[in-house]
Amino acid sequence: MSLELTLRDTFLDAFEQLFSHKPEPSLIQFQKTRPEFPGDLTVNVFPLLKLSGKGPEETATRLGEHMMASTSIIAAFNVVKGFLNLVVADSFWLSFFAEASTNGQYGWQPTDDGAAVVVEFSSPNTNKPLHLGHVRNNLLGWSVSEILKASGKQVIKVNLVNDRGIHICKSMLAWQKFGEGKLPEDLQMKGDKLVGDMYVRFDKALKAEVETLVTAGLEKEQAERQAALMTEAQEMLLKWEEGDATIRSLWETMNGWVYQGFDVTYKRMGIDFDKIYYESETYLLGKALVAEGLEKGVLFKKADGSVWCDLTDDGLDEKLLLRADGTSVYMTQDLGTAQLRVSDFDPEKLIYVVGNEQNYHFDVLKLVLKKLGRPWFDAIEHLSYGMVELPHGRMKSREGTVVDADELMEEMVQTARERTTELGKIEGFSVAEADALFEKIGLGALKYFILKVDPRKTMVFNPEESIDFNGNTGPFIQYTYARIKSITRKAADAGHSRDGFGLPSDLAEKEKNLVRLLYAYPGIVAQAATNRSPALVANYVYDLAKEFNKFYQEIPILKEADEQIRAFRIGLSGFTAQVIRSASSLLGMHVPERM
RNA sequence: GGACCUGUAGCAUAAUUGGAUAGUGCAUCUGACUACGGAUCAGAAGGUUAGGGGUUCGAAUCCCUUCAGGUUCACCA
């Protein structure tokens, strides 16, 4: 049983005996004692004053006395205003350490046999390369999946690739017209970059065409509709839908280029999926649901034949589900893919990692599914994350401020190379070892920088600051890990071992602070899982690294003369390294043995 | 215009979900036995938590309101 739960029972018993009332257990919340006061855990007695009938000081003091007498876990207590600060006995921390430090899976819960959680993330369009916004999405989705796994869930990571539609037709058309038949390998170019360039080419050519039409006297909107390029792209989409062999073949070829490019990006980022859905295979699925809805009378048809869902009773608008020509829209497809996922996996949760500009879309999605009588509509959860902005504002493709994912990663790795070389840290490294190290540091810095921010919040990505490797950064954590490994290597070389030594009888302040933080790790993982927030893990592992550095600065480890204490400190260092490694891995951050 | 979201030191961000004197990093200033690895550590300075009202023992957090910014309300995805 956990410390908090044990102490809660002790507390409740004490309260009942002293004041003859039994408070609601939920009223008793243990929090970490603030560092300026002695103690480990604090209970706030203010909510209990009505039941105790005494003032805050007296209530707290009497409870403290009673608890101390009734359990050996409490070694001392003090009262400040209405706060009862409890000092947990060193023996408790030491026996916790003895047990936990032999557990290689510390922090991970065994996988339960309940239904799986499906996490969708990434979900790119195939007409352009991945950019900074996708980076946040990918890192978040992947990390949340890992955290859920660590908390005992079975997780299925899925990607829904938007591989069809007018956007890819635009790229295809541009390549036909301006591509000169050149393949990515002819141009020494990643395939996704080439297709992206073609998309831009289309846009430019279209604009030029529209402009000439406007100067010829057309209204802008009209010109956009009438432009030859636009109508050609639309014709191409129609042909694609009819299954035209030439178009399909070009489409497959160009999407193939894009996937090869994406694979490189995903691989470097360390992202993977258990299942990939393609929209070209799922975009018709929602139609059956719409038909069913019409039959049940929860959807209605307008005079022109289009199908709608009336959500005005729920404070929303009417939502189109089928166009007059019978084709489906984004919402229709999402209805279908949700149903597909439920049939595929029968999950307890369907988590969608999608930017907060689609909040409305997901509100509507759930409502429509509810109206369609799908009891699992409530299993749908939109993990709505904030935009990534640059110091000068949002990324704008028109202004060329879009930060490309590949370039970003490369820049981070290059900076890691420069910094590390500058510091002279790679003596004795082979070229391959050094490269692997730069990769770990550069990507660790990037991942930590992005994941340490609460997902829901809009974040500012400052390229200058993100490549700072001091302070609250990934490399700081990696450095701490490497330092510990240096110690444990030396300890092993010197033949020091924990075997045969018991535990010391008490703890120095810095030792206790460390043990206390290590104790908190499983709770942090659980909390991060329920909150879907890697930021909690990131902030935790930073605190842990910082706490170790304080300990390291003040307390001798290998230099300690007393063998038993030295053995304990080596063990404590090693266990800290293990937890740093474990928590980092939940963020997708690798830690180096040396750096 | 309707709906939703956000606002914390110069900058970037925390705050155990209503708890103590609002933490941390960067930047600025000062220090660390001549390193068990200085990508570290110790310290200083920096705040009316956008403004105003309210709820209560207690508010960055909940309610009302004003201001500022953002998203959305597509037969785009």
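Throughout, a chain's letter reflects where its sequence line sits, starting with A, and its residues are numbered from 1. Quick caveat: nothing in here was measured; it's all calculated off a predicted structure.
On a pure distance criterion of 3.5 Å, a polar donor-acceptor pair joins the side chain of N44(A) and the base of rG19(B). Residue side chain T473(A) does not reach the base of rA39(B) through any donor-acceptor N/O pair under 3.5 Å, judged by distance alone. Judged by atom type and distance alone, T420(A) reaches the base of rA39(B) through a side-chain donor-acceptor pair under 3.5 Å. Evaluation of atom-type donor-acceptor distances gives a pair under 3.5 Å for the side chain of S486(A) against the base of rG37(B).
When both distances must be under 3.5 Å, the Watson-Crick or G-U wobble mate of rA12(B) is rU24(B). In a base pair of the Watson-Crick type (N1 to N3 plus N6-O4 or O6-N4) or a G-U wobble (N1-O2 and O6-N3), with each distance short of 3.5 Å, rG46(B) is matched with no nucleotide.
Among the atoms of the strands shown, none is found under 4.0 Å from any heavy atom of R456(A). Among the heavy atoms of the strands, none lies under 4.0 Å from A491(A).
For the pair N549(A) CG and rU40(B) P, the interatomic distance rounds to 8 Å; values are reported in whole Å.
Annotation: rG25(B) and rU65(B) have their C1' atoms spaced 36 Å apart (nearest Å). Using C1' as the reference atom, rA45(B) and rG31(B) are 15 Å apart when rounded to the nearest Å.
Side chain of R34(A), nearest nucleotide from rC36(B), rU21(B), rA77(B): rU21(B).
Across Y481(A) and P592(A), no two heavy atoms sit closer than the pair CD2-O, 3.1 Å.
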